[in-house]
Amino acid sequence: MPPEASSSTGFIAGRIRRPLPAERPHLTRCTKLLCSAFLTLLLLAGVLVFVVYLAVRPHRPRFHVTAFSATGVASGGPVVVSGQVSVRNSNRDIAYFFDRFYLSVEYRGEDVAKEQPLTATPLYQPPKTTTPLPFQGLELTSTAGQDMARDLAEGGGGGRVEMTVKVRSRIRARLAFWGNRHWHPLNVRCQVAVGPDGQLLAEYLQKRCSIDFF
């Protein structure tokens, strides 16, 4: 074997037999302690959040139609609607802040009254309270009145006129001394129906509205 090959083989063997660097047990122990402490804090935080949630049990605000009428639906207009929507905060410790409320009326998938101010100022609602939001004298578009009268005359709506009362605002919550500063859009849809006399049908009274926020 040439001397060059022998020296190369010896060099490779020497590299293979070279001992590995010794481990640093104090660094490994420190890393394990940090990971254990982090996981323990994470677990305690999760348990604390769960306990607070069980104690508070937050509920969304509840909207109901408590009154509604539409004069002029049988005569072809003008149709003027009035009524009241109630807001219920059933939480024990959570209060709500609402921005100004705006009301629209939808008929046949189109807004026949749009973005009418329902409240002049923002609203603060304490826990365990119900707040009425009345509206009156809201005139719908002339074409809506003609379509409603035609539906009643032809019996297409089963002797009723169905509409959707829509309420829009913004909302944020407050728990004890902690308050959420971020506003969230709030959209409420209330299904209503009136007979030829323009009065709200009994099955729609106090009917819970659908709500979309957060």
Novice: Any side-chain heavy atom of Met163 within less than 4.5 Å of one from Val105?
Specialist: yes

Novice: What distance do Arg88 atom CZ and Arg208 atom CZ have between them, rounded to the nearest 0.5 Å?
Specialist: 12.0 Å

Novice: Please answer whether the main-chain N or O of Pro127 pairs with a side-chain N or O of Asn91 as donor and acceptor at a distance below 3.5 Å.
Specialist: no

Novice: Work out which heavy atom in Leu152 is nearest to a heavy atom in Gly159; give both atom names and the distance.
Specialist: CD2-C, 3.8 Å

Novice: Would you indicate whether the side-chain heavy atoms of Thr130 and Val87 approach each other to under 4.5 Å?
Specialist: no

Novice: Apply ring pair (Phe, Tyr, Trp, His ring centres under 6.0 Å) to Phe101 and list each qualifying residue two or more places apart in sequence or on a separate chain.
Specialist: Phe98

Novice: Contact between Thr164 and Val192 at the side-chain level, heavy atoms closer than 4.5 Å - yes or no?
Specialist: no

Novice: So, Ser86 side chain and Pro132 main chain: donor-acceptor pair closer than 3.5 Å or not?
Specialist: no

Novice: Checking the side chain of Lys128 only, and the main-chain atoms of Arg92 only, is there a donor and an acceptor separated by less than 3.5 Å?
Specialist: no

Novice: Any donor-acceptor pair under 3.5 Å linking the side-chain atoms of Thr119 with those of Arg100?
Specialist: no

Novice: Check step by step if side-chain contact (heavy atoms from CB on, under 4.5 Å) holds for Val65 and Leu205.
Specialist: CA-CA 6 Å; Val65 176; Leu205 183 62; 5.9 Å; no

Novice: Going by heavy atoms in the side chains, are Gln116 and Phe135 under 4.5 Å from each other?
Specialist: no

Novice: Are the side chains of Glu162 and Gln191 in touch, meaning some heavy atoms are under 4.5 Å apart?
Specialist: no

Novice: Is it the case that atom CD in Gln136 sees more than 12 heavy atoms from other parts of the structure closer than 6.0 Å?
Specialist: no

Novice: Should Leu186 and Ile211 count as side-chain neighbours, where that means a heavy-atom distance under 4.5 Å?
Specialist: yes

Novice: Measuring from atom CE of Met148 to atom OG1 of Thr143, what distance do you get when rounded to the nearest 0.5 angstrom?
Specialist: 9.0 Å

Novice: Give the minimum heavy-atom separation between Gly145 and Val79, together with the two atoms involved.
Specialist: CA-CG2, 3.5 Å

Novice: For the residue pair Ser90 and Arg62, establish whether any side-chain heavy-atom pair is separated by less than 4.5 Å.
Specialist: yes

Novice: Dump the intermediate steps for salt bridge (Lys or Arg N to Asp or Glu O under 4.0 Å) on Glu203 and Arg160, then the final yes or no.
Specialist: CA-CA 12 Å; Glu203 59 264 34; Arg160 64 175 63 189; 3.0 Å; yes

Novice: When rounded to the nearest 0.5 angstrom, what distance separates CD1 in Ile171 from CZ in Phe97?
Specialist: 11.0 Å

Novice: Give me the atom names and distance for the closest heavy-atom approach of Trp183 to Arg172.
Specialist: CZ2-NE, 3.3 Å

Novice: Using modelled atom types only, decide if a donor and an acceptor are shared between the side chain of Asn89 and the backbone of Thr129 within a distance under 3.5 Å.
Specialist: no

Novice: Does Asp197 reach the main-chain N or O of Gln199 with its side chain, forming a donor-acceptor pair under 3.5 Å?
Specialist: yes

Novice: Nearest 0.5 Å please: distance from the CZ atom of Arg189 over to the CG atom of Asn187.
Specialist: 9.0 Å

Novice: Salt bridge between Glu106 and Lys114, side-chain N to carboxylate O under 4.0 Å?
Specialist: no

Novice: Write down the atom of Gly195, the atom of Leu201, and the distance for their closest heavy-atom approach.
Specialist: N-CD2, 3.8 Å

Novice: Please lay out, stage by stage, how Arg108 and Asp151 fare under the test salt bridge (Lys or Arg N to Asp or Glu O under 4.0 Å).
Specialist: CA-CA 11 Å; Arg108 287 184 172 181; Asp151 286 347; 2.7 Å; yes

Novice: Please round to the nearest 0.5 Å and tell me the distance separating atom CG of Leu140 and atom OH of Tyr107.
Specialist: 10.5 Å

Novice: Quick one: side chains of residues 66-76, donor-acceptor pairs under 3.5 Å with protein atoms, not counting sequence neighbours, listed by atom name and distance.
Specialist:
unit_1	atom_1	unit_2	atom_2	d
Thr66	OG1	Gln84	O	3.2
Thr66	OG1	Gln84	NE2	3.1
Thr71	OG1	Val80	O	3.3
Ser75	OG	Gly72	O	3.4

Novice: Between atom OG1 of Thr141 and atom CD of Gln146, what is the distance when rounded to the nearest 0.5 Å?
Specialist: 9.0 Å

Novice: Would Tyr102 and Tyr96 show up in the same hydrophobic cluster when neighbours are defined by side-chain heavy atoms closer than 4.5 Å?
Specialist: no

